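For reference, the structure discussed in these notes is given below.
Just so it is clear: chains get the letters A, B, ... in the order the sequence lines come, proteins before strands, and each one is counted from 1. Side chains are part of it too, since the values below use all heavy atoms of this structure and drop only hydrogens, waters and symmetry mates. Because the structure is a prediction, the values reported are computed rather than measured.
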Protein chains: 2
Amino acid sequence: MIGQRNTKARENIIKYLKKINRPVTAHEIYSSIGKTGEKINLTSIYRNINLMKKKNLVHSIILNDKVERFELLENKPHHHHIICNQCGRIDDIEMKENEIETKVKNKTCFKIKSHILEFFGLCPNCQ
Amino acid sequence: MIGQRNTKARENIIKYLKKINRPVTAHEIYSSIGKTGEKINLTSIYRNINLMKKKNLVHSIILNDKVERFELLENKPHHHHIICNQCGRIDDIEMKENEIETKVKNKTCFKIKSHILEFFGLCPNCQ
DNA sequence: GTTTTTGCAAACTTTTTGCATGCGG
DNA sequence: CCGCATGCAAAAAGTTTGCAAAAAC
């Protein structure tokens, strides 16, 4: 559960994130729920999403447009994305990253905690 | 040259970026130039930096704080960064990325154009 | 002298916060 | 009924834009 109470807002946010199953902005959540006829407030979305991030139910990515996109972690292993430069489609992609991190660990004197790895290009439809 | 005219603002921005030689925010440029006694306007920084981006003299990265950091490309090969979670220190790091991109190309039906790869951790001083 | 560049204020976008009201358990 | 959640308006912070004034050539 997200917080301490079951509310319509929370139910709708989770339902939508489950259905869409890719990283979406707060506004996408907002307008998509709005289109179903349900009423929801942007502030509530931010508050609930941030709560979910704290509880590790959701994680987010930030790309070049500086907008945060949220994704339900449910049943998802750690993964990265591949994003179409034209239509914005975002697919998941998995990689052997322990290899990468080990390489970087050996090259630098940093203690590596995490990384971002995102690819950009043209999806099959846009090529 | 940046635009069509030589101005003090442009000269100072480039001088600072050359000296600092790592990705910095518009505000860092602003206050650092200010500290030298030179006067400069934030808007001018944004306008000049964006011009430089268009001309491929500068590129930028966006991390979790959603703030754009600019870096002079001059003499720099394509590279990535390793960022200290504690003090914010940003070092360069190079990798064999053609390997990575080829792997991704084979895994997906996307035509890959670019990627982001940034590491986070603790620098030697902060460990 | 003309065109580019600047400075300033204001707009804009995304996200957060304060505060009063509402709803869940 | 008590406290968590919501809605609304306003605040923040970073960035962009419009317009008149200044500077470059």
In whole angstrom, what separates [X]'s [atom1] from [N]'s [atom2]?
X: Arg10(B); N: dG7(C); atom1: CZ; atom2: P; result: 11 Å
X: Leu42(A); N: dC8(D); atom1: CG; atom2: P; result: 11 Å
X: Met1(B); N: dC25(D); atom1: CE; atom2: P; result: 7 Å
X: Asn50(B); N: dT15(D); atom1: CG; atom2: C1'; result: 9 Å
X: Tyr46(A); N: dT14(C); atom1: OH; atom2: P; result: 7 Å
X: His27(A); N: dT15(C); atom1: NE2; atom2: C1'; result: 10 Å
X: Asn41(B); N: dT15(D); atom1: CG; atom2: P; result: 15 Å
X: Leu51(B); N: dT16(D); atom1: CG; atom2: P; result: 13 Å

Open item on the list: Nearest heavy atom decides the nucleotide; on that basis, is Lys8(A) or Gln4(B) closer to the 5' end of DNA chain D?
Closed with: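 Checking each residue's closest nucleotide, the 5'-ward one belongs to Lys8(A).
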Open item on the list: With nearest nucleotide decided by heavy atoms, which residue, Asn48(A) or Lys66(B), maps closer to the 5′ end of DNA chain D?
Closed with: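 Whichever sits nearer the 5' end wins; that is Asn48(A).
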Open item on the list: Check this for me: does the side-chain of Arg47(B) come within 3.5 Å of the base of dG7(C) through a donor and an acceptor?
Closed with: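 Indeed there is one.
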TODO: Kindly assign one of parallel, tilted or perpendicular to the pair Phe119(A) and His115(B), based on the angle between their ring planes and the thresholds 30° and 60°.
DONE: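 Tilted: the ring planes of Phe119(A) and His115(B) meet at 30° to 60°.
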Open item on the list: Please identify which of these residues, Glu68(B), Glu71(B), Arg69(B), meets the side chain to side chain contact (heavy atoms under 4.5 Å, CB included) condition with Ile61(B).
Closed with: Arg69(B)
TODO: Could you verify whether a donor N or O on one side chain and an acceptor N or O on the other, from Thr102(B) and Glu99(B), lie under 3.5 Å apart?
DONE: no
Open item on the list: The side chain of Ala26(B) is closest to which nucleotide in this list: dT15(D), dG25(C), dT15(C)?
Closed with: dT15(D)
Task: Sugar-phosphate, base or nothing in reach of Thr7(B), heavy atoms under 4.0 Å - done: sugar-phosphate
TODO: Could you say whether Thr25(A) or Gly3(B) is positioned toward the 5' end of DNA chain C, judged by the nucleotide with the nearest heavy atom to each?
DONE: Gly3(B)
Open item on the list: Reading DNA chain C from 5' onward, which residue's closest nucleotide shows up sooner: Arg5(B) or Ser44(B)?
Closed with: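 The 5'-side residue here is Arg5(B).
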Task: Main-chain N/O of Glu94(A) paired with Lys107(B) side-chain donor or acceptor, under 3.5 Å - done: yes
Open item on the list: Looking at every heavy atom in both Leu51(A) and Gly3(A), which two are closest together, and how far apart are they?
Closed with: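 Nearest heavy atoms, Leu51(A) then Gly3(A): CD2-CA, 4.0 Å.
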